[in-house]
Amino acid sequence: MSYICLIANQNGIAAAGDSRLTFQPEALGLHLDRGRKVFSDQDQGLVWACCGLTIFGGVNYCWLAERILRQKNRSLSSRLNQITGALRRATAAQHRISRKNSTFTLLLGQVRDGGTVVHVLDVVNGEATHKVLDGPVLVHAGWSASLRQSKPAVSDYANDSLGQLIDLVKKRCLWAIHKDSTLAQQDRKHRQTVGGSVRVAYVAIPQP
């Protein structure tokens, strides 16, 4: 499982993610470190990151989500509904085939009315949950929850510049990659699924 992180405050939104794609079955240890899981659309004031089910049935669901979210002539809610429907079908099908949990998470930050809103879409085995959070907020997903860094207090990043937000999400992603690498070195049975280079995307909030 990958690691992605998104943080939003009054100055902008920044997201980061690793670039490792792990192919099924994971026991084979096959991976590719050229995956892209973070994106931005400056015109729409959107930044997003996704992880979990990536390629299934010949479809790359990170790219599918990107294509849908760039459709500016549609409401954001209708685009999120389309993504949800596609991932409900895909995760349910993979779950039936593999008999293991199939998950997909989308973290989406939106600049709106001079502030920020963050959408968290989780789809597990065909069941979806959607939360909407007002900034300032930090959200992350992927990997094992017990192995993630703890979240900082909101006061620690609420007034950070966009550059500081970018640095924060990048450092958290680098920490996850290093931690997973250390676990793999300590235990041969542990498969390192967080790896490759860190990719970052961001959007600034225009200041008055």
Side-chain angles (χ1 to χ4, degrees), residues 1-19 21 34-96 101-143 162 165-166 169 173 198-206:
M1 179 67 93
S2 305
Y3 176 80
I4 55 175
C5 181
L6 183 147
I7 184 169
N9 72 5
Q10 61 189 359
N11 295 314
I13 308 167
D18 71 316
S19 56
L21 298 178
R34 295 190 310 209
R36 184 178 177 190
K37 305 165 189 174
V38 294
F39 309 85
S40 67
D41 189 313
Q42 301 293 319
D43 292 341
Q44 297 188 78
L46 298 179
V47 178
W48 66 93
C50 45
C51 68
L53 177 67
T54 303
I55 300 173
F56 178 71
V59 177
N60 186 314
Y61 284 93
C62 287
W63 294 353
L64 177 65
E66 182 196 13
R67 289 197 299 272
I68 293 171
L69 287 171
R70 293 194 188 278
Q71 296 172 5
K72 303 175 184 179
N73 60 328
R74 301 172 53 196
S75 69
L76 183 58
S77 61
S78 70
R79 286 176 278 171
L80 288 173
N81 286 339
Q82 183 179 354
I83 293 169
T84 301
L87 268 302
R88 288 184 65 180
R89 292 187 293 272
T91 57
Q94 190 189 49
H95 177 57
R96 285 195 301 270
N101 286 337
S102 178
T103 68
F104 180 89
T105 298
L106 172 70
L107 308 179
L108 171 69
Q110 177 188 21
V111 174
R112 191 173 72 184
D113 301 327
T116 54
V117 174
V118 173
H119 298 260
V120 180
L121 173 64
D122 284 305
V123 188
V124 181
N125 303 336
E127 299 296 326
T129 59
H130 178 200
K131 295 185 294 185
V132 182
L133 309 170
D134 292 323
V137 64
L138 184 152
V139 290
H140 57 180
W143 209 20
L162 179 58
L165 298 185
I166 293 169
V169 293
C173 194
V198 175
R199 296 181 183 270
V200 177
Y202 55 87
V203 63
I205 297 179

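Values reported hereafter were calculated over all heavy atoms of this structure, with side chains retained and with hydrogens, waters and symmetry mates removed.
Considering every non-hydrogen atom in both Ala128 and Leu121, the closest pair reads CB-CD1, 4.5 Å. Heavy-atom minimum distance, Leu80 versus Leu69: CD2-CD2, 4.4 Å. Closest non-hydrogen pair, Leu53 versus Ala90, comes out as CD2-CB, 3.7 Å. For Gly12 against Thr116, the heavy-atom pair with the smallest separation is O-CG2, 4.3 Å. Listed here is the closest heavy atom pair of Gly45 and Val203: CA-CG2, 4.0 Å. For the residue pair Ile4 and Gly17, the shortest heavy atom distance occurs at CG2-CA, 4.1 Å.
Under the side chain to side chain contact (heavy atoms under 4.5 Å, CB included) criterion, Ala65 pairs with Ile83, not counting sequence neighbours. For the side chain to side chain donor-acceptor pair (under 3.5 Å) test, residues two or more places apart in sequence or in another chain that qualify with Asp18 are Lys37. Take Thr129 and apply the side chain to side chain donor-acceptor pair (under 3.5 Å) test, not counting sequence neighbours, and it matches no residue. Under the side chain to side chain donor-acceptor pair (under 3.5 Å) criterion, Arg79 pairs with Gln44, not counting sequence neighbours. Asp41 pairs by the salt bridge (Lys or Arg N to Asp or Glu O under 4.0 Å) definition with Arg70, not counting sequence neighbours. Taking Ser77 as the reference, Ser75 meet the side chain to side chain contact (heavy atoms under 4.5 Å, CB included) condition, with sequence neighbours excluded. Here His95 pairs with nothing under the ring-ring contact (aromatic ring centres under 6.0 Å, His included) rule; sequence neighbours left out. By the side chain to side chain donor-acceptor pair (under 3.5 Å) test, Arg74 is found to be paired with Gln71, Gln82, residues two or more places apart in sequence or in another chain being considered. Remark: Arg36 engages no residue in a salt bridge (Lys or Arg N to Asp or Glu O under 4.0 Å) (not counting sequence neighbours). With sequence neighbours left out, Glu127 forms a side chain to side chain contact (heavy atoms under 4.5 Å, CB included) with no residue at all.
The CD1 atom of Ile68 lies 11.5 Å from the CG atom of Leu76; values are rounded to the nearest 0.5 Å. One finds the CG atom of Leu46 at 9.5 Å from the NZ atom of Lys72 (value rounded to the nearest 0.5 Å). Interatomic distance, Asn60 CG to Ile55 CD1, rounded to the nearest 0.5 Å: 4.5 Å.
Side-chain contact between Cys173 and Cys5: absent, with no pair of heavy atoms (C-beta onward) separated by less than 4.5 Å. Looking only at side-chain heavy atoms (C-beta outward), Val200 and Val38 stay at 4.5 Å or farther from each other. Between Ile13 and Tyr202 the shortest side-chain heavy-atom distance does not fall below 4.5 Å. Two residues are said to be in side-chain contact when any heavy atoms from C-beta on lie closer than 4.5 Å; Val169 and Leu6 fail this criterion. In this structure, His119 and His130 have side chains that are in contact, with non-hydrogen atoms separated by less than 4.5 Å.
In this structure, the side chain of Thr91 engages the main chain of Gly126 through a donor-acceptor pair within 3.5 Å.
Identified under the ring pair (Phe, Tyr, Trp, His ring centres under 6.0 Å) test for residues 39-94, with sequence neighbours left out: Phe39-Trp48.
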Throw together a table of side-chain donor-acceptor distances under 3.5 angstrom for residues 101-115, partners on residues two or more places apart or in other chains.
{"unit_1": "Asn101", "atom_1": "OD1", "unit_2": "Asn125", "atom_2": "ND2", "d": "2.9"}
{"unit_1": "Ser102", "atom_1": "OG", "unit_2": "Gln94", "atom_2": "OE1", "d": "2.6"}
{"unit_1": "Thr105", "atom_1": "OG1", "unit_2": "Asp122", "atom_2": "OD1", "d": "2.6"}

**Request:** Give the C-alpha distance, both sets of side-chain angles, the deciding distance and a yes or no for side chain to side chain contact (heavy atoms under 4.5 Å, CB included) between Ile7 and Val137.
**Result:** CA-CA 6 Å; Ile7 184 169; Val137 64; over 6 Å; no
